[in-house]
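To start, the structure itself, in structure tokens.
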Amino acid sequence: MNILVTGGAGFIGTNLVLSLAGENRVTVIDNLHTGSEENLKEVRDRVEFIRGDAKDAPGLKHGFDLIFHLGFYSASPMYRNNPMLVGEVVNGMIGILELARRVQCPVVFSSTSSIYNGIKPPHREDAQPLVTDFYTEARIAAERISQLYNQLYDLNVAAMRFFSVYGKYERAKNGYANLATQFLWDMKAGRQPVIYGNGKQRRDFVYAGDVVEALVRATKVKGFRVYNVGYGKNYSLNELVAKLNSLLGTEIEPKYVPMPIKNYVMETLADTSRAESEIGFRARVGLDEGLRIINDFYGRV
Ligand SMILES: NC(=O)c1ccc[n+]([C@@H]2O[C@H](COP(=O)([O-])OP(=O)(O)OC[C@H]3O[C@@H](n4cnc5c(N)ncnc54)[C@H](O)[C@@H]3O)[C@@H](O)[C@H]2O)c1
């Protein structure tokens, strides 16, 4: 198949491209805002890399059988610093949907569990989002515009609400990487992980390999559908630090600092039943196993 992956040089995009590149012709568009071409070095001879923006996708002359759209600005603070990014996300989504309309192919794109901010968990796809952040408003708009393309033009689109994804190839994200990965890097280097507030905030951590499986399963979706991509269990940041101490054989205390962020996400927990029943997706790698995998992957600091 001819497959386009936007954001394919980013963390989750790299995990996806590496799994697709063996059997498919893959084109990556990435503006390298947080991504890195270095991530794709193993598959450079099999993947066409275009440094560019998702919103310019309609200009591509290629034909595609499938599009994965992960090329979004990927962290909430980026949008607080520059709220104009909301418009970039909307234009990027429209660019991808216009391309999909021309070539008549399905789109699977990354949405976010942050959409559930302030809503009592477990989080179900039919929850009504609250107004909390620029990052979430942009992704809600992307979901609704996708639904509109489905209604008007019969495009098949799956919006995948990722929970806290951690895994291999996160280095280029640095300070935007998942807390599980950042805390691992810190603690391996003997540094105290920094926790906002008291550490009782809870996250549904899901391993990137499982996320790739969910994305691939969603390519068969008909119509417009939204799916949670989480493990279905959550841990506090204090519990995360305890797990890392036990894995690394250390006794490092976190450094607690006053909460600097308004409308901070206090708890995420996926209700995984829709993804299980409709696309047969159930995350397999639990947090203990996932931490062991990334500890091996990132080696010595
Ligand atoms: N990692 C998580 O825990 C998590 C959770 C929820 C949602 N997501 C979403 O998943 C997607 C992938 O995130 P990630 O964790 O791999 O982060 P990432 O920052 O590594 O990936 C995003 C990639 O998209 C590229 N990009 C950004 N804007 C672009 C644009 N307009 N055009 C082309 N490329 C662009 C970046 O350079 C980067 O390579 C993002 O949409 C993110 O919001 C991630």
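Remember, it's 1-based here, ligands and their atoms both numbered in the order they're listed. Atom set for the values below is all heavy atoms of this structure, side chains included, hydrogens, waters and symmetry mates excluded.
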Report task. Would you please classify the geometry between the Phe109 ring and the Phe72 ring as parallel, tilted or perpendicular, with 30° and 60° separating the classes? Result -> tilted
Requested in this report: Give a yes/no verdict on a cation-pi contact between Arg101 and Tyr153, requiring under 6.0 Å between NZ or CZ and the six-membered ring centre and an angle within 45° of the axis.
Outcome: yes
Query raised in the report: With distance as the sole criterion, is a donor-acceptor pair present between the side chains of Tyr73 and Asn82 under 3.5 Å?
Result: no
Query - Check: Asn15/Tyr207 side-chain N/O donor and acceptor closer than 3.5 Å - result: no
Report summary line: Protein neighbours of ligand 1 with a heavy atom under 4.0 Å, given by chain and number, are Gly7, Ala9, Gly10, Phe11, Ile12, Asp30, Asn31, Leu32, His33, Thr34, Gly35, Gly52, Asp53, Ala54, Leu70, Gly71, Phe72, Tyr73, Ser74, Ser110, Ser111, Thr112, Tyr135, Arg139, Phe162, Phe163, Ser164, Val165, Lys173
Query raised in the report: Cationic tip of Arg139 within the cone over Tyr116's six-membered ring, i.e. under 6.0 Å and within 45° of the normal?
Result: no
Query raised in the report: Quick check: does any side chain N or O of Asn263 sit under 3.5 Å from a backbone N or O of Thr132, one acting as donor and the other as acceptor?
Result: yes
